[in-house]
Student: 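Sharing a structure with you now.
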Amino acid sequence: RVDSFSLIRVEGSRFSVPFELIGKVVTTKLHATKLEVVYNKSVVCVHERPRINNETVFELAHYLEAILRKPRSILNAKPVRAALSPTLMAFARNIAKTPEDLTRFMRLFGEHDCELIEATLNSLGSKTLEALTLELGKRSKRQVVPRIEPIMEVEVSKPSLSIYDQMIPRGDAHRPC
């Protein structure tokens, strides 16, 4: 069962799951190097297994909606401190002039992974939120995938059900089972 901190415990360690699953029962699939969390027959997240027990593994995306509800506490939130590198934390502190700026910065983590955000930040001359957002937008432009046409058309004829009609004795067609 997912606890009120959006965590599950597996073999002594704790792992984050999406915020929406608080109170729900999930299934875990433990592999040699990863842990899969399944809800309603769908994999909802995958974590690397920690090397030591009693470790808590956070994924920032699982907490974004909850964290953004209280923007003044963003920099003190455990998942934020665990996920952001010192470079990203320093940038967050520098741009935290208003809660709105900090909220805009944190929303980037819902769209891009931490490594890309940090690499983009390091490549910028001007370290502003606007410049970071603009550069991330340029880097994440997706290529248009060409439409693949079907190789051949398959025509399926309507099946005949007359053989089943023969199984019903005459006069009993409307008798309840």
Side-chain angles (χ1 to χ4, degrees), residues 2-24 26 28-39 42-145:
V2 180
D3 70 16
S4 60
F5 295 106
S6 194
L7 294 168
I8 58 171
R9 183 175 293 278
V10 179
E11 288 194 345
S13 293
R14 297 183 332 156
F15 299 87
S16 68
V17 297
F19 181 70
E20 301 80 33
L21 298 178
I22 289 177
K24 306 279 194 265
V26 296
T28 57
K29 292 182 180 178
L30 206 52
H31 302 275
T33 59
K34 66 181 180 177
L35 168 84
E36 292 180 342
V37 180
V38 179
Y39 180 71
S42 297
V43 175
V44 292
C45 64
V46 178
H47 290 286
E48 294 293 319
R49 287 183 68 179
R51 296 181 187 179
I52 57 173
N53 279 345
N54 297 325
E55 189 173 331
T56 301
V57 180
F58 292 108
E59 186 171 319
L60 188 55
H62 296 161
Y63 294 94
L64 276 179
E65 288 306 311
I67 289 170
L68 294 176
R69 290 179 188 166
K70 296 184 179 183
R72 293 177 195 260
S73 65
I74 288 174
L75 295 178
N76 295 321
K78 215 173 197 178
V80 173
R81 291 193 326 254
L84 269 58
S85 68
T87 303
L88 291 173
M89 282 299 285
F91 180 74
R93 283 190 181 92
N94 287 337
I95 62 142
K97 307 290 186 260
T98 66
E100 292 77 23
D101 287 341
L102 201 49
T103 299
R104 284 183 32 229
F105 175 61
M106 293 309 297
R107 287 194 189 283
L108 294 176
F109 293 92
E111 302 164 16
H112 312 283
D113 63 15
C114 289
E115 291 80 18
L116 176 63
I117 294 172
E118 186 165 5
T120 304
L121 182 62
N122 289 334
S123 71
L124 290 175
S126 171
K127 301 216 187 290
T128 65
L129 180 58
E130 289 73 23
L132 177 63
T133 304
L134 184 64
E135 186 61 27
L136 282 169
K138 290 178 188 175
R139 290 186 181 198
S140 68
K141 294 283 185 206
R142 296 192 183 1
Q143 289 182 324
V144 177
V145 178

Student: Residues in side chain to side chain donor-acceptor pair (under 3.5 Å) with Glu135, at least two apart?
Tutor: Arg139
Student: How close do Val17 and Val2 get, counting heavy atoms only, and between which atoms?
Tutor: CG2-CG1, 3.4 Å
Student: Flag the pair Arg104 / Glu100 as yes when at least one side-chain heavy-atom distance between them is below 4.5 Å, and no otherwise.
Tutor: no
Student: State, with a plain yes or no, whether a side-chain heavy atom of His62 is found less than 4.5 Å away from one of Cys45.
Tutor: yes
Student: Is there a side chain to side chain contact (heavy atoms under 4.5 Å, CB included) between Leu64 and Arg107 once you walk through the steps?
Tutor: CA-CA 7 Å; Leu64 276 179; Arg107 287 194 189 283; over 6 Å; no
Student: Do Ser13 side-chain atoms and Val10 backbone N/O form a donor-acceptor pair below 3.5 Å?
Tutor: no
Student: Kindly determine whether Phe105 and Leu132 satisfy side chain to side chain contact (heavy atoms under 4.5 Å, CB included), including the steps that lead there.
Tutor: CA-CA 9 Å; Phe105 175 61; Leu132 177 63; 3.9 Å; yes
Student: What residues, two or more places apart in sequence or in another chain, satisfy ring-ring contact (aromatic ring centres under 6.0 Å, His included) together with His112?
Tutor: none
Student: Answer whether the closest heavy-atom distance between the side chains of Leu121 and Lys127 falls below 4.5 Å.
Tutor: yes
Student: State which residues pass side chain to side chain donor-acceptor pair (under 3.5 Å) with His47; sequence neighbours excluded, sorted by chain then number.
Tutor: none
Student: Kindly give the heavy-atom pair with the smallest separation between Ile67 and Pro79, and that separation in Å.
Tutor: CD1-CB, 4.4 Å
Student: Examine distances only and state if a side-chain atom of Thr128 and a backbone atom of Ala131 form a donor-acceptor pair shorter than 3.5 Å.
Tutor: yes
Student: Filter on salt bridge (charged side-chain N to carboxylate O under 4.0 Å, His left out), then keep only pairs touching residues 74-90, sequence neighbours left out; what's left?
Tutor: none
Student: For Leu84 and Phe91: C-alpha separation, side-chain torsions, deciding distance, then whether side chain to side chain contact (heavy atoms under 4.5 Å, CB included) applies.
Tutor: CA-CA 10 Å; Leu84 269 58; Phe91 180 74; over 6 Å; no
Student: Show me the side-chain donor-acceptor pairs of residues 53-61 shorter than 3.5 Å, one per line, residues at least two apart or across chains.
Tutor:
none

Student: For the residue pair Phe15 and Leu35, establish whether any side-chain heavy-atom pair is separated by less than 4.5 Å.
Tutor: yes
Student: Quick one: salt bridge (charged side-chain N to carboxylate O under 4.0 Å, His left out) partners of Glu11, sequence neighbours excluded?
Tutor: Arg49
Student: After noting the C-alpha distance and the side-chain angles of Leu68 and Ile74, does the key distance pass the side chain to side chain contact (heavy atoms under 4.5 Å, CB included) rule?
Tutor: CA-CA 7 Å; Leu68 294 176; Ile74 288 174; 4.0 Å; yes
